[in-house]
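Structure, as structure tokens:
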Amino acid sequence: MVSMLYSYCRCLIPLSLGITLSSWSAAGLANSEPRPLVDDSPGISITQAETEALEATPTIIEDVPAPEAGAPGLEPGEEAVPLDADGAATSFSTAQTGSLIPQSDRPTEQGFETPPDYLTPNSNPLLVPTQPEEVEILGTQPLSLETAIELAYRNSEELRVAQLRLERNQAGLRVQQATRLPTVDLGANLQTANQSSSGGTFDSTSTTAGSTLRTDYDLGLSGERSARIRAAERQVRVSELQVEQTREDLRLNTTTDYYAVQEAIEQIRINQAFLEAAERNLRDTQLREEVGVGTRFDVLQAEVQVANARQTLTQATSQRQISQRQLARRLNIQPSIDLTTLAVNIAGAWPLSLEESIVLAFQNRSELEQFLVEREFNDAQRQASLSAVRPNLGLFAQYGVQSLLSSSSGASSSIDDGFSLGAQFNWRLFDGGAARASADQSEIDIETDESEFESARNDIRVQVEEAYYTLVSNQSNIDTASVAVNQAEEALELANLRFNAGVGTQLEVINAIRDLTEAQGNLVTAVLEYNRALARLERAVSNLDTPTDDTSETVDTPETVEE
């Protein structure tokens with residue numbers, strides 16, 4: 001693809017969050033260094049958090065005690081790998097996965113030089129589990145987005161199939177290239193013949209053996225050989241472009257699944273905090289009723305709020321489980337392993353304008369080149385069809401040996417040999433119009449490729465524009481949601497003060513808690529939608545290497561709602 005040599009510094013999409021757009025070069029996009037979304041909340045970088053966790057956590061599972069329920073690092077609803085009484089992994093988990101299964105409080109940011117067995121597909125692709133124990137979830141592995149993409153490239157069946165098809169077409173190209181060389185054939189025969197006279201007075205039997213060595217070479221006068229070689233080369237190029245498309249789509253799909261897990265986990269945290277706040281509010285309301293300063297109506301409202309919060313939390317937990325299994329399926333890992341993600345953070349910034357992005361997409365997208373290559377393939381097929389009614393010339397050389405082995409007539413054994421050279425000329429003068437009709441089919445295929453190229457070009461522009469506009473809008477949403485979280489926290493504090501002072505109502509407190517939960521959810525949604533739009537924009541342009549920005553800050557999501 002076209003390598004881009006842009007080198008400039010732009011502030012194309014300024015963010016009040018502190019995202020600055022850096023220079024664009026042939027190496028890819030340079031990520032920005034965003035500040036935490038909530039400025040007054042303490043933030044910590046992913047690299048720092050993982051370094052501390054890795055220093056404090058041993059790398060051997062036998063040395064890691066089984067985490068208690070609610071231990072740090074475990075997501076809501078997750079369980080650590082089953083351990084026996086001695087603190088070692090159970091024999092079943094080791095036997096099933098082939099290696100020790102990780103604890104879910106051990107983040108992995110650096111990736112794997114060689115992925116462990118439990119993060120690689122089974123060596124037997126035809127294996128089907130037959131026992132419930134074989135598909136039981138035994139452990140949870142946290143992964144960074146970059147590590148997840150790397151595992152997807154390693155494990156994806158779809159990418160493997162595309163690569164196998166490429167290898168098959170490369171073998172087909174070698175078949176056509178072999179026609180440039182002469183062929184050599186060796187033949188042998190053994191024959192027994194009986195001859196008799198009409199009067200029956202003479203009868204003889206003889207046995208002869210012979211062999212022939214022949215070589216033929218087509219001069220390619222008709223153009224069929226060169227046309228078929230060119231068609232095979234174009235077919236190989238189409239397969240290469242298909243592999244590239246599969247990799248780009250796999251990257252986008254893995255990123256989308258990863259963000260879906262992040263969103264589900266953040267929704268659990270937010271709804272868990274909402275439930276805890278609602279339960280505290282219910283207890284306070286019940287106490288007020290008992291001392292005679294509250295009403296039964298306030299208690300009922302608080303109970304309804306707790307029930308709704310508990311139901312929302314249950315749905316969020318179910319969505320997290322579904323998202324985790326989808327990510328595990330995308331990465332094609334062992335069925336006994338679940339996956340979780342690292343903290344939510346802003347993925348980076350886009351350094352190009354909309355117009356530059358569209359032009360770059362036209363230059364980089366393999367789909368457009370694929371239609372052009374298919375057009376050349378169909379043109380080669382047309383030439384091959386027309387070669388059937390064109391003259392063709394070939395050369396041959398032959399050497400033969402024949403020997404008389406035995407004869408009843410008393411003839412002596414003899415060996416005869418001979419050598420011949422020649423040329424063969426062929427020209428089909430009439431084929432009923434079959435060659436012309438086949439060429440017409442190829443010409444129609446060429447017109448179809450041109451129309452599909454035009455359609456794909458327009459679709460690519462729409463994809464770039466849609467992702468770009470979504471990216472810009474979610475930048476604004478992040479700013480708005482960050483302010484809304486701060487305002488909702490202040491409103492909840494004031495609602496509690498008013499209620500405790502007797503000038504506010506219980507409904508105001510309930511609404512303030514609900515508003516804070518909604519604002520926190522909007523903030524997480526805005527960040528993840530921004531990241532998704534950035535991933536779609538990178539896919540729409542394609543062939544971009546985005547370096548990892550280790551300085552990016554995590555989004556601070558409050559664990560609890562203070563009253």
Side-chain angles (χ1 to χ4, degrees), residues 9-24 29-46 145 255-256 258-260 262-267 269-271 273-274 341-354 356-357 464-494 511-538 546 549-559 561-562:
C9 186
R10 302 181 60 92
C11 288
L12 197 59
I13 310 174
L15 289 179
S16 60
L17 302 176
I19 297 181
T20 57
L21 302 179
S22 55
S23 62
W24 164 260
L29 295 177
N31 284 343
S32 58
E33 300 181 4
R35 296 186 282 108
L37 292 182
V38 182
D39 294 338
D40 58 351
S41 60
I44 183 172
S45 66
I46 295 178
L145 176 58
T255 303
T256 302
Y258 189 90
Y259 290 150
Q262 281 188 332
E263 183 175 19
I265 291 176
E266 292 301 322
Q267 290 299 328
R269 290 176 176 172
I270 293 172
N271 287 293
F274 178 55
T341 63
L342 303 183
V344 176
N345 63 86
I346 298 177
W350 185 253
L352 302 177
S353 67
L354 175 60
E356 292 167 338
S357 301
V464 173
E465 292 174 336
E466 179 182 0
Y468 189 91
Y469 293 143
T470 305
L471 189 74
V472 173
S473 64
N474 279 286
Q475 290 175 0
S476 177
N477 288 342
I478 291 174
D479 287 337
T480 303
S482 300
V483 175
V485 169
N486 294 331
Q487 294 173 341
E489 290 175 347
E490 183 179 357
L492 177 59
E493 182 179 356
L494 292 176
N511 290 336
I513 295 175
R514 183 183 300 110
D515 292 342
L516 177 58
T517 302
E518 183 178 357
Q520 292 172 345
N522 291 339
L523 175 59
V524 172
T525 300
V527 173
L528 291 176
E529 286 300 322
Y530 174 89
N531 291 346
R532 292 188 181 103
L534 181 61
R536 291 196 301 271
L537 188 54
E538 290 176 350
T546 306
D549 187 3
D550 294 335
T551 62
S552 59
E553 300 286 345
T554 61
V555 176
D556 182 70
T557 304
E559 296 291 340
V561 179
E562 297 295 338

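The figures here come from the full heavy-atom set of this structure, side chains too, leaving out hydrogens, waters and symmetry mates. Residue indices begin at 1 and follow the sequence shown.
- At least one side-chain heavy atom of L342 sits less than 4.5 Å from a side-chain heavy atom of Y258.
- Using a 4.5 Å heavy-atom threshold, the side chains of R514 and N511 count as touching.
- From L534, atom CG reaches atom OG1 of T255 across 9.5 Å, with rounding to the nearest 0.5 Å.
- Taking all atoms of both residues into account, the shortest heavy-atom contact from S357 to V464 is CB-CG1, 3.8 Å.
- At least one side-chain heavy atom of Y469 sits under 4.5 Å from a side-chain heavy atom of L354.
- Panel note: side chain Y530, backbone S476; no donor-acceptor pair is recorded below 3.5 Å.
- A donor-acceptor pair under 3.5 Å is absent between the side-chain atoms of N477 and the main chain of A526, judged by distance alone.
- Rounded to the nearest 0.5 Å, atoms CD1 (I270) and CD (E263) are 9.5 Å apart.
- Rounding to the nearest 0.5 Å places CD1 of I513 at 14.0 Å from CD of E518.
- Atom OG1 in T517 sits 10.0 Å away from atom CD in Q267 (nearest 0.5 Å).
- Of all heavy-atom pairs between T470 and E466, the closest is OG1-O, 2.7 Å.
- Within the 4.5 Å cutoff, side-chain heavy atoms of Y259 are placed close to those of L145.
- With a 4.5 Å cut-off on side-chain heavy atoms, E538 and W350 count as touching.
- Judged as a side chain to side chain donor-acceptor pair (under 3.5 Å), and not counting sequence neighbours, T525 has no contacts.
- Partner of S482 under the side chain to side chain contact (heavy atoms under 4.5 Å, CB included) criterion, chosen from V485, T480, I478: I478.
- Summarising the geometry of L471 relative to A533, their closest heavy-atom pair is N-CB, 3.7 Å, with the distance given to 0.1 Å.
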